[in-house]
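Below: one structure, written as structure tokens.
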Amino acid sequence: MNKKLIIALLCALGILLVLGVLFALRTSNRNPATPSVGNPFSGSLSSSTAPGTQQGVISLRARDGSAISATDVTAGKTPLPASSDTYYDLVHNGMDTYGNEDDPFAIQYAAKSSSFIVSLQEEPLGKSRLSAETFLRSTLNLTDAQLCELDITVAVTQAVNEQYASMGNLGLSFCPGAVTLPE
């Protein structure tokens with residue numbers, strides 16, 4: 001197996017592990033006394049949760065709890081094996097191999113948490129992030145403002161860039177609080 005592919009795989013698994021721990025911590029800190037109400041924004045197809053809506057549309061949960069309708073990114077894809085959530089590889093169409101030397105980024109969608117993980121895989125990071133943003137915009141058919149409302153983590157591993165890896169979520173370039181990356 002090629003060295004870049006192994007590094008990309010290890011980086012992705014590390015990011016998934018960290019995000020799984022963060023998700024577990026976030027859900028364990030919720031108030032158990034709050035009554036549980038069914039959530040229509042669970043990342044399932046809109047047509048199954050809201051009769052009369054379009055097929056091929058998914059309802060994504062925004063950070064404020066509202067719903068944002070987007071193109072269904074799970075249609076025809078095989079979920080990646082994971083115990084804490086159901087993940088979909090958006091870039092590689094669920095192929096058996098993770099990573100592709102031609103792609104400067106990887107993106108996974110976590111269905112239960114309605115969140116996205118963008119992994120920047122090559123320098124210059126600014127250019128890789130712009131490519132990922134273009135991909136997200138066209139794949140989800142959303143505006144920049146809508147993308148900023150979603151739970152999207154943009155990260156880089158130490159194997160790619162130690163300085164930016166230590167900063168955590170770099171954000172999307174057009175969203176408030178995003179880290180400026182080298183072009």
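- Of the inter-residue distances, the one linking Leu181 atom CG with Lys127 atom NZ reads 14.5 Å to the nearest 0.5 angstrom.
- Residues satisfying the side-chain contact (heavy atoms from CB on, under 4.5 Å) criterion with Glu162, sequence neighbours excluded, are Gln158.
- Under the 3.5 Å distance criterion, the side-chain polar atoms of Asp85 are matched with a main-chain donor or acceptor of Ser113.
- Taking CG of Leu60 as the start and CG of Leu142 as the end, the distance is 7.0 Å to the nearest 0.5 Å.
- No option in Asn169, Leu170, Val118 other than Asn169 meets the side-chain contact (heavy atoms from CB on, under 4.5 Å) test with Thr153.
- Each ring-ring contact (aromatic ring centres under 6.0 Å, His included) pair with one or both residues in residues 124-165, not counting sequence neighbours, appears once here: Phe105-Phe135.
- At a threshold of 4.5 Å between non-hydrogen side-chain atoms, the residues Tyr109 and Ile58 count as touching.
- Linking Ile, Leu, Val, Met, Phe, Trp and Tyr residues whenever their side-chain heavy atoms come within less than 4.5 Å leaves Ile152 and Leu130 in two separate clusters.
- The shortest heavy-atom contact between Glu149 and Ile68 is CB-CD1, 3.8 Å.
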Inset, instruction - Evaluate side-chain contact (heavy atoms from CB on, under 4.5 Å) for Thr86 paired with Lys112, printing each intermediate quantity in order. - result: CA-CA 6 Å; Thr86 304; Lys112 290 180 187 174; 4.1 Å; yes

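- Scanning for side-chain hydrogen bond (donor to acceptor under 3.5 Å, both in side chains) contacts around Arg63 gives an empty result, with sequence neighbours left out.
- Although no hydrogens or angles enter the test, the distance criterion places no donor-acceptor pair under 3.5 Å between the side chain of Arg129 and the main chain of Thr180.
- In this structure, Arg137 pairs ionically with Asp144, as a charged nitrogen and a carboxylate oxygen lie closer than 4.0 Å.
- In terms of modelled atom types and a separation under 3.5 Å, the side chain of Ser119 and the main chain of Ala106 share no donor-acceptor contact.
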Inset, instruction - Could you walk me through whether Thr139 and Ile107 pass the side-chain contact (heavy atoms from CB on, under 4.5 Å) test, one step at a time? - result: CA-CA 11 Å; Thr139 301; Ile107 301 175; over 6 Å; no

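- The shortest distance between side-chain heavy atoms of Glu122 and Pro104 falls below 4.5 Å.
- Atom CG of Leu120 is separated from atom CG of Leu125 by 6.0 Å, given to the nearest 0.5 angstrom.
- The minimum heavy-atom distance between Leu150 and Ala62, with the atom names listed, is CD2-CA, 4.5 Å.
- Note: Thr78 OG1 to Asp89 CG = 10.5 Å, rounded to the nearest 0.5 Å.
- Glu123 CD to Asn161 CG: the interatomic distance, rounded to the nearest 0.5 Å, is 4.5 Å.
- With hydrogens and angles ignored, the 3.5 Å screen pairs a side-chain donor or acceptor of Ser166 with a backbone N or O of Gln163.
- Listed by chain and residue number, Gln146 satisfy the side-chain hydrogen bond (donor to acceptor under 3.5 Å, both in side chains) test with Thr143 (two or more places apart in sequence, or in another chain).
- Scanning for side-chain contact (heavy atoms from CB on, under 4.5 Å) contacts around Ala82 gives Tyr87, with sequence neighbours left out.
- Sequence neighbours left out, the pairs with a member in residues 116-165 that pass disulfide bond (SG atoms under 2.5 Å apart) are Cys148-Cys175.
- In this structure, CG in Leu136 is found 7.5 Å from CG in Leu90, a value given to the nearest 0.5 Å.
- A pairwise comparison of heavy atoms in Ala67 and Ser59 identifies CB-OG, 3.4 Å as the closest pair.
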